[in-house]
S.K.: 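Dropping the structure in here first, questions after.
All residue numbers in this chain count up from 1 along the given sequence.
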Amino acid sequence: MAHCKTEQDDWLLAHLKYLLFIFNFFFWVGGVAVTAVGIWTLVEKSGYLSILASSTFAASAYILIFAGALVMTTGFLGFGAVIREQKGCLSMYFCLLLVIFLVELVAGVLAHVYYQRLSDELTQHLNSTLTKRYGQPRAAEITASVDRLQQDFKCCGSNSSADWQHSSYILSREAQGRRVPDSCCKTVVVRCGQRAHPSNIYKVEGGCMAKLEQFLADHLLLMGAVGIGVACLQICGMVLTCCLHRRLQQQHFY
């Protein structure tokens, strides 16, 4: 009877190890994916950072990168813990999984909060940035960001090209008769912004604000989806780790 029980315990322990090993592999791959998404998000939108009123979006991406790096490091610890069957390593592995889960939870909350107020922030801030800070002596970064925004999204102005009529830059001598910045042009050449005809400049319904809002919302949803996916893996990992730790304790007791 005792022999059968020992064989059953060994069978269960072996299966728990295999399951945790497989989980840890997907968990490590998930860490690579989380880090890649965070880095890609920052690189993809780095040109628009100065346009945004708050740093919440960037903070969410940085936290995601940190969590991904921690996931990959923890993954190596998980492989060692499974192979060596050390209860101390399993306990540390479980604690790190819990920490990562909390970090991703914070990033998820930040992303959700920013997603909720994204439209209001862009409505209040983007038009003011375009009309008051574009082309100013100490706002070279913002000027470059707006130019890239208009070229990347093929748009002109916050809501429409008419927004530029009240711009400090367009009303200044530096504009040299431009009615919109040259970055509004479909084919950018020097002073092409002097002719604000639909055949020459982008006249997109909703302007750049609608385009930028959709772009940021898509990235926030992607970050949230990846974070939720890895979080689900972590929950499974914590359950498997607890089961394996308990089985090792019982085996040692017997």
Side-chain angles (χ1 to χ4, degrees), residues 37-62 110-223:
V37 168
I39 293 174
W40 173 71
T41 298
L42 288 178
V43 171
E44 184 75 7
K45 59 165 285 298
S46 60
Y48 314 132
L49 280 175
S50 58
I51 300 176
L52 303 178
S54 71
S55 59
T56 308
F57 188 88
S60 298
Y62 281 120
L110 286 175
H112 178 72
V113 169
Y114 189 74
Y115 181 80
Q116 295 298 317
R117 69 182 194 185
L118 178 61
S119 181
D120 291 338
E121 177 180 314
L122 290 178
T123 300
Q124 297 172 8
H125 187 72
L126 186 59
N127 190 57
S128 176
T129 298
L130 266 61
T131 57
K132 295 180 180 179
R133 304 191 65 186
Y134 181 89
Q136 301 307 303
R138 297 183 179 180
E141 185 179 359
I142 288 178
T143 300
S145 295
V146 172
D147 284 338
R148 178 180 171 182
L149 174 70
Q150 295 191 140
Q151 279 295 297
D152 286 354
F153 293 132
K154 303 184 186 308
C155 58
C156 184
S158 177
N159 294 290
S160 70
S161 59
D163 295 333
W164 286 108
Q165 294 177 5
H166 308 290
S167 167
S168 299
Y169 168 73
I170 295 300
L171 296 175
S172 67
R173 293 181 180 178
E174 287 76 10
Q176 298 179 331
R178 291 178 177 86
R179 297 176 62 186
V180 294
D182 292 342
S183 57
C184 280
C185 299
K186 295 178 180 179
T187 302
V188 178
V189 294
V190 178
R191 298 184 188 177
C192 62
Q194 291 178 342
R195 181 170 171 266
H197 191 272
S199 63
N200 184 51
I201 68 170
Y202 295 114
K203 286 191 176 281
V204 182
E205 185 178 351
C208 294
M209 186 170 68
K211 296 269 191 173
L212 181 59
E213 181 179 351
Q214 186 61 50
F215 172 80
L216 295 176
D218 290 344
H219 278 66
L220 286 171
L221 289 175
L222 178 60
M223 287 193 291

S.K.: I'd like to check R179 versus R195 (side-chain heavy atoms, cut-off strictly below 4.5 Å). Are they in contact?
M.R.: no
S.K.: Please answer whether the main-chain N or O of G207 pairs with a side-chain N or O of S160 as donor and acceptor at a distance below 3.5 Å.
M.R.: no
S.K.: Rounded to the nearest 0.5 Å, what's the gap from CG on L126 to OG1 on T131? Could you check?
M.R.: 9.5 Å
S.K.: Any idea which heavy atoms bring H197 and K203 closest together, and the distance?
M.R.: C-CE, 4.5 Å
S.K.: Any idea which heavy atoms bring D147 and S183 closest together, and the distance?
M.R.: OD1-OG, 2.7 Å
S.K.: Side chains of Y202 and Q151: does their closest heavy-atom pair fall under 4.5 Å?
M.R.: yes
S.K.: How far does NZ of K211 sit from CG of D152, to the nearest 0.5 angstrom?
M.R.: 11.0 Å
S.K.: Closest heavy-atom contact between R191 and D182?
M.R.: N-OD2, 3.0 Å
S.K.: Could you tell me whether a side-chain N or O of S161 sits under 3.5 Å from a main-chain N or O of G157, the two making a donor and an acceptor?
M.R.: no
S.K.: Would you say the side chain of I170 lies within less than 4.5 Å of the side chain of Y134, judging by non-hydrogen atoms?
M.R.: no
S.K.: Tell me, do Y169 and E174 make a side-chain contact under 4.5 Å, heavy atoms counted?
M.R.: yes
S.K.: Show the nearest heavy-atom pair for residues Q136 and S168, with the distance to one decimal.
M.R.: NE2-CB, 3.7 Å
S.K.: NZ of K132: more than 12 outside heavy atoms within 6.0 angstrom?
M.R.: no
S.K.: Could you report the tightest heavy-atom contact between Q176 and Q194, atom names first, then the distance?
M.R.: O-NE2, 2.8 Å
S.K.: State, yes or no, whether a side-chain contact exists between L130 and D163 at a heavy-atom distance under 4.5 Å.
M.R.: no
S.K.: Out of curiosity, E213 CD to D218 CG, how far, rounded to the nearest 0.5 Å?
M.R.: 10.5 Å
S.K.: Does N200 use its side chain to pair, donor to acceptor, with the backbone of C192 at less than 3.5 Å?
M.R.: yes
S.K.: Is there a disulfide between C208 and C156 in this structure (defined here as SG atoms under 2.5 Å apart)?
M.R.: no
